[in-house]
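Below, chains carry the letters A, B, ... as their sequence lines are ordered, and counting in each starts from 1. For the numbers below, each heavy atom of this structure counts, side chains included, while hydrogens, waters and symmetry mates do not.
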Amino acid sequence: MNRGEGVINLDVSELEPPEPYGLAIDILLEMPAKTILNLIHRKEPYPLYQTASEMGFEHKTVLLNDGRVNIQFWHKGESIVLRSLTHN
Amino acid sequence: MKQDASLNFDFIPYWTIPFRFFLTAPLFAMTAGVFLSVFGIQALWGMLSEGSDAVLWQSRWLVDVIYTLHLITLGTITMIMVGAFFQVASVVGGRLLPGGKAVAVLVHSFLILGATLFLIAMTSGVTWLFLLASFFLTTSLSVFSVCGLISIFRAQRYSPTLISMALSLVSLLIMMCAGAYLLLMHGYSEHLGFDRRWTDFHLVWALAGWVGLLIIGVSFQVIPMFHVTPSFNLSFQRILPVVVFLSIILVSFSSFFYKGELVAVIGKAVLLACYGFYGISVWRLLNKRKRKIEDITVQFWKLAVISLFVFVILQVMGESGLLGHWAEELSLLSGILLIYGVVLSVLVGMLQKIIPFLSYLHMQRFCQGDFERIKNLPHMRAILQVKHSRMFLRLHVVSLLLLLLMIMVPSVTIVSGLAVFIQFSLLLFIVSRVVAMVYKAEGV
């Protein structure tokens with residue numbers, strides 16, 4: 001895991017299920033406002049989407065060239081973060 | 001984007017549905033272990049009291065061999081596979097099996113009754129018990145197959161896994177009809193006679209069809225998922241189950257009508273080649289794991305592939321006549337290699353992944369939005385402890401080697417039975433511990 005300015009990078013693409021889910025939930029539980037969790041995963045984590053949504057997070061998913069997926073989570077309603085994210 | 005469209009975790013059967021099968025399965029293998037030890041003691045007693053040689057394991061046609069084998073194949077293998085099917089079909093196809101818990105209870109209870117009555121009928125020889133065993137087994141497996149096929153036909157999407165699972169269920173129905181007929185021939189031989197050709201017909205549909213095709217289909221999903229490997233080649237996934245199924249048709253009918261002739265040999269060679277090629281693919285994929293950490297399930301898979309290759313070599317030697325004087329031993333050794341070395345290795349190995357994964361999934365759902373509880377859920381390695389899995393693997397290898405040795409040295413039978421009993425007692429403990437954990441989590 002790599003914590004940058006307002007961005008937490010987490011690559012779970014080499015972990016077997018349900019480890020990625022547990023790790024992501026641990027981070028989301030303590031993630032401060034105006035921060036993005038930048039997750040690299042082998043596949044789309046549908047159960048995580050559901051839990052994250054119930055926890056008050058929005059997400060955006062991008063398919064990477066190598067077949068993995070990049071998912072970014074942020075607190076609902078943080079449009080500033082969302083704008084900066086979509087502009088990157 | 002449909003990267004992960006092959007799995008749908010919105011459709012998960014209630015946790016007791018698969019776990020009731022997983023919890024019952026070890027009991028039948030433990031019973032088989034007890035019977036083996038009793039055979040060993042009886043043979044030893046005969047040797048000591050009468051000075052006769054041990055007369056165990058002289059033929060695969062002996063009643064003792066048949067019911068001990070079916071304690072494992074019906075009571076343990078089929079029990080685990082049916083439980084896993086309820087789970088996998090729902091997640092892969094996005095549709096639960098129709099009938100829900102009621103069907104699961106019926107299939108489970110009738111399978112227990114059928115397998116138990118099979119044993120009692122074979123040991124007592126009471127004719128009507130054969131009919132009763134046949135009724136419970138065919139009802140259980142027919143209801144299960146039909147519900148399984150309905151869920152596959154209603155699936156949200158098709159995948160090679162579902163095709164393979166559907167062909168596996170068709171094989172199960174064919175195997176079951178032949179098996180029921182064999183059971184009735186055992187009970188009512190004076191009316192029906194006994195045609196041994198049905199045994200090989202039943203056997204090939206059971207092992208290569210029902211068991212093999214389900215393992216193939218499920219492995220397309222679980223090997224890349226749990227072992228973080230690349231996927232099986234897509235063309236391979238599409239072609240293999242169909243070729244295996246067609247080969248089984250060829251083998252079963254040619255062996256029935258043209259045993260020993262070229263067409264039967266070709267059919268068998270194609271079927272063995274399919275499974276040999278599948279074994280190589282599994283081995284190569286497992287060697288491409290991204291994280292080369294200790295993984296007990298991988299070791300089970302590799303043991304299964306090694307057993308498969310030894311089985312194939314024995315079959316080739318048998319067909320070529322190199323082991324002419326050892327024909328009976330060869331068929332018994334082949335049976336042990338295939339059932340204990342290949343099939344059971346894969347199934348109990350997969351359980352080491354499926355059980356903690358399912359438990360975590362269900363315990364996470366019990367939290368119902370209480371995220372602090374989710375955070376405190378036990379990790380996979382705490383749900384099923386590695387030291388237990390490691391011990392279980394060692395016991396499995398010891399049991400397999402002793403069972404193989406038992407055919408050549410019958411006096412080892414007592415110890416073989418004991419090893420099987422201990423191995424599956426540990427599995428019962430492992431599953432019970434997890435069930436208690438999930439039950440407690442649900443009640444909190």
Taking atom [atom1] of [X] as the centre, does the number of heavy atoms from other residues, nucleotides or ligands within less than 6.0 Å exceed 12?
| X | atom1 | value |
| --- | --- | --- |
| A:Met31 | CE | yes |
| B:Arg390 | CZ | yes |
| B:Lys387 | NZ | no |

### Query
Rounded to the nearest 0.5 Å, how far apart are CG of B:Leu361 and OH of A:Tyr21?
8.5 Å
### Spatial distance of atom OH (B:Tyr360) from atom CD (A:Glu19) [nearest 0.5 Å]
10.0 Å
### Message
What part of A:Leu28 gets within 4.5 angstrom of chain B, counting heavy atoms only: side chain, backbone, both, or neither?
### Response
neither
## Note on the structure
Most heavy-atom pairs under 4.5 Å with chain B, out of A:Gly22, A:Pro17, A:Ser13, belong to A:Pro17
### Message
Evaluate A:Ile25 against B:Gln364 for side chain to side chain contact (heavy atoms under 4.5 Å, CB included), listing each step before the verdict.
### Response
CA-CA 11 Å; A:Ile25 294 295; B:Gln364 171 247 316; over 6 Å; no
### Query
B:His379, B:Lys353, B:Arg289: which one forms the most heavy-atom pairs within less than 4.5 Å of chain A?
B:Lys353
### Message
Less than 4.5 Å to any heavy atom of chain A: does that hold for the side chain of B:Thr229, its backbone, both, or neither?
### Response
backbone
## Note on the structure
When the 4.5 angstrom heavy-atom criterion is applied to B:Phe226 and chain A, the contacting part is both
### Heavy-atom pair with the smallest gap, counting every atom of A:Glu16 and B:Arg291
N-NH2, 4.2 Å
### Query
Salt bridge check: are B:Arg365 and A:Glu54 linked by an N-O gap of less than 4.0 Å?
no
